[in-house]
Number of protein chains: 2
Amino acid sequence: MATLSAAQRRQEAKREYDAYVASCPSRKLLDRLSDKWVSLVLSALADGPQRYSDLARTIAGVSQKMLTQTLRTMERDGLVSRRVTPTVPVRVDYELTPLGWTLMPLMYAVKEWAEVHMEEVEAARAAYDADL
Amino acid sequence: MATLSAAQRRQEAKREYDAYVASCPSRKLLDRLSDKWVSLVLSALADGPQRYSDLARTIAGVSQKMLTQTLRTMERDGLVSRRVTPTVPVRVDYELTPLGWTLMPLMYAVKEWAEVHMEEVEAARAAYDADL
DNA sequence: CGGAATCCAGGGTGATACTG
DNA sequence: CAGTATCACCCTGGATTCCG
């Protein structure tokens, strides 16, 4: 990459984890981050702590199962924290951990990119399909 | 083309894409970008044009089918371009399009994040599992 | 309200074999 | 070398039901 200096490339080469290697834990982590719900949950929590039901409403179309499953995995990975308020009925809030906050901007940027460049992608698809 | 409803015309005029809405095209685009191979292909092409076999070697563990399928979709979406050199045997090079170059740094950052924060994630997992 | 558990259909995925 | 084709399987992910 042109934006990387030779020194940076050397440093990268020495890095312990390499996502290009299938057996590397970071590759599996990248696979997990490449879950379609993770980016949406992270982006949704950018506004601050939110209740389970708030997340379900913001992220339209997510099933209870997938939302819960995604939040559990993200909690286990240290990206979000779960706070239970033992009222009746129960209230559960999720918020980003410090680690989660370091990842959120990156995923948010991808989500933004998808929204901003949607037209160009659709134009490219139309052009591609026309050449068949 | 069929007559657009008032709501459709408003959306058309404002070009508002919201990835939180399940039916929004940008959501489907985000789902596609959330493919585990897309981020690796984009990152691999950050070094410049590469041959099919180079990509297959760099991205360890990808099957021919998935690599080809991923490249086809990315080509259709205008993220990569495909150049065939009709030698014998055939040589095929892939490179990022200008549109692909705008997305690459974002996905590359996510891949980097996974490598850099791997240890913290593993520590979080260990802590989570210990509390069961 | 915020889950857990179960069932189950569908398709995404990989292995394999073949081709220009 | 760079695919295409076929098949079988697993696992995702939705629907439903029940619980604290």
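In what follows, chains are A, B, ... by sequence order, proteins preceding strands, each numbered from 1.
For the pair Leu67(A) CG and dA4(C) C1', the computed distance is 14 Å after rounding to whole Å. Distance CZ (Arg32(A)) to C1' (dC11(D)): 13 Å, rounded to an integer number of Å. A straight line from CD of Gln69(A) to C1' of dT6(C) spans 14 Å, rounded to a whole angstrom. Residue Leu71(A) contributes atom CG, which lies 14 Å from atom C1' of dA4(C) at whole-angstrom precision. Atom CH2 of Trp37(A) and atom P of dG13(D) are 8 Å apart (whole Å). Between Asp93(A) atom CG and dC1(C) atom P there is a gap of 14 Å when expressed in whole angstrom units. Taking atom CE of residue Met66(A) and atom P of nucleotide dA15(D), one finds them 13 Å apart after rounding to whole Å. Counting to the nearest Å, the C1' atom of dC1(D) and the CZ atom of Arg83(B) are 16 Å from each other.
Tyr52(A) places a side-chain N or O within 3.5 Å of a backbone atom of Gln64(A) that can act as its donor or acceptor partner. Under the 3.5 Å distance criterion, the side-chain polar atoms of Glu120(A) are left unmatched by any main-chain donor or acceptor of Leu99(B).
For dG3(D), the OP1/OP2 oxygens have a side-chain nitrogen or oxygen of Tyr94(B) closer than 4.0 Å. For the OP1/OP2 pair of dC1(D) and a distance below 4.0 Å, the side-chain nitrogens and oxygens of Arg51(B) include no atom meeting the criterion. Contact annotation: Tyr52(A) side-chain N/O to dA4(C) OP1/OP2 distance is not under 4.0 Å. Phosphate contact (OP1/OP2 of dC1(D), side-chain N/O of Thr87(B), threshold under 4.0 Å): absent.
In the set dG14(D), dG14(C), dA2(D), the nucleotide with an atom closest to the side chain of Lys36(B) is dG14(C). The side chain of Lys65(A) has dG13(D) as its nearest neighbour among dG14(C), dG13(D), dG3(C). Considering only the side chain of Ser63(B), dG14(C) comes nearest among dG14(C), dG3(C), dC7(C). Among the nucleotides dC7(C), dG3(D), dG2(C), the one closest to any side-chain atom of Arg82(A) is dG2(C).
Using a 4.5 Å cut-off on side-chain heavy atoms (C-beta onward), Met74(A) and Leu42(A) make contact. Contact check for Trp37(B) versus Leu67(B): no side-chain heavy atoms found under the 4.5 Å cut-off.
For the pair Pro89(A) and Val62(A), nearest-nucleotide mapping onto DNA chain D gives the more 5' position to Val62(A). Taking the nucleotide of DNA chain C with the nearest heavy atom to each of Arg72(A) and Gln64(B), the more 5' of the two is matched to Arg72(A).
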Check against salt bridge (Lys or Arg N to Asp or Glu O under 4.0 Å), Arg57(A) and Asp54(A): CA-CA 5 Å; Arg57(A) 200 177 318 107; Asp54(A) 290 332; 3.2 Å; yes

